[in-house]
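Notes to accompany the following structure.
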Number of protein chains: 2
Amino acid sequence: MRPPRNLRSVAKRLLSFTRLVQGVNVSAVTSPLVWEHVQPAAARRLLTGAVDAFAERGYQATTTRDIASRAGMSPAALYVHYPSKERLLFEISLYGHNAALEVLRSADAGDTPADRLRSLVSAFTAWHAQHHTIARVVQYELAALSPEHLAEVATIRRAISLQIEQVLTDGMAAGDFAVTDLPGTTLAVLSLSIDVARWYTPHRGDPEALGKLYADLAHRMVQA
Amino acid sequence: MRPPRNLRSVAKRLLSFTRLVQGVNVSAVTSPLVWEHVQPAAARRLLTGAVDAFAERGYQATTTRDIASRAGMSPAALYVHYPSKERLLFEISLYGHNAALEVLRSADAGDTPADRLRSLVSAFTAWHAQHHTIARVVQYELAALSPEHLAEVATIRRAISLQIEQVLTDGMAAGDFAVTDLPGTTLAVLSLSIDVARWYTPHRGDPEALGKLYADLAHRMVQA
DNA sequence: GTCTATAGTCGGATAGAC
DNA sequence: GTCTATCCGACTATAGAC
């Protein structure tokens, strides 16, 4: 005798939705405030559910049923808002890359290259900690994007890299930094912040404090 | 009218096997020398195929058909040598973790904490570059392991972390290092090397040279 | 130990009612 | 815009011949 599938799936979805609304579901940790521009609310719920699922289990291990369930919907409802699972990934990845670049551009301020570098590394690191679920999708799910979508985010990645490379170049020109391998050191500085997305969880400390620590470490790596 | 499936699949497998034997298949880059202890040869071909596939596409995106095909076999033959796809992942992950720890233990030598740290970071970084396919599986596929298998590799990961923490502690005690946040700095040093697995490809330079650069950067991060 | 064939399950995506 | 129901392909793993 088969279980009453309809009742079970409805109950599961209601439970999931309730937990979401009450905000106590530990797996649904993405702040909805970040995605306020995504309308309507159902599309936003799907997107935040996808971010959490992709970050937790990876893109390939995440099912559309899982995403829909986190948003309190049936699997079919997803396709009203997004044409495919990959498109959902792309929207997250594109937004995340742009957000990371914007964080860097806003942080590139200071009287000396050293001040600028500290500000950049601090902000970039804190962003990866604060938004570690989005960052995980940004940094570790590139291979799941379609070739066209990958090309689009790749241009943003180059801009991010250039932002760090420029301040190192300026610091070398001013004699403040001693860098023998510019591309290698650029990559190392970026790398330090990016890897935060791999291991960070909220119980591992305050994103701002981590940013300050990493700004210090990065500065020491390059100073003359 | 259906295509002749038998002939097609046999042809594909023969082609795959031929490329493997000739060693010109860019997707089959894992050196068989590393896995000489895996016997018989068929099991070793499956394992190296799995390493390459997992590193390239991720565990979840890799099919048993893909692995078998890289080894020049039918999907069913895989189960003669391994009871499941997850077991294949575990064998790779366990071996990789042990290899990484062994590299650190062998490298922990030198007259001063600074020499030891440089040696450790240099070797750990070079290993992640040299064996970037294995390293990618080790660092990015933990979530796909069964709880029991994950627990087993987690103990090795703690030993790896301790190896770095110890030399930092010794350097602080000797007054050679100025480290304010020991756990944070330990993680940062490890992080720098681990992230190499994410971006490294052979065209990005010599593993040994990268090791030297990173040893220098890590030393500068902590020196008094 | 390898094969062909397939069982049994699940996934992305669609159809059509409301 | 959401649902239920389902298609259809692909997946892991197994059965049984050789």
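A:R44 has its CZ atom 13 Å from the P atom of D:dG1, to the nearest Å. Between the P atom of C:dG12 and the NE2 atom of A:H81 lies a distance of 17 Å, rounded to the nearest Å. For the pair B:E86 CD and D:dC11 C1', the interatomic distance rounds to 17 Å; values are reported in whole Å.
To the nearest 0.5 Å, the span separating OG1 on B:T186 from CD on B:Q166 amounts to 10.0 Å. Within the model, atoms CG of A:L192 and CG of A:D195 stand 8.0 Å from one another, a figure rounded to the nearest 0.5 Å.
Candidate nucleotides C:dT4, C:dA13, D:dG1 were compared by shortest atom distance to the side chain of A:K85, and C:dA13 ranks first. Checked against D:dC3, D:dG1, D:dT6, the side chain of A:V80 finds its nearest nucleotide in D:dG1. Comparing D:dT2, C:dC3, D:dA13 against the side chain of B:S84 picks out D:dA13 as the nearest. Counting only heavy atoms from C-beta on, B:T64 has its side chain closest to D:dA13 among D:dA13, C:dT2, D:dC3. Out of C:dA13, C:dT2, C:dG1, the shortest distance to the side chain of B:P40 is found at C:dG1. Of the candidates D:dA13, C:dC3, D:dA5, the closest approach to any side-chain atom of A:A76 belongs to D:dA5. Checking D:dA13, C:dC3, C:dG12 against every side-chain atom of A:T63, the shortest atom distance belongs to C:dG12.
In summary, the side chains of A:H97 and A:E152 do not present any donor paired with an acceptor at a separation below 3.5 Å, with no hydrogens or angles considered.
Taking 4.0 Å as the cut-off between side-chain N and carboxylate O, B:E208 and B:K212 do not count as a salt-bridged pair.
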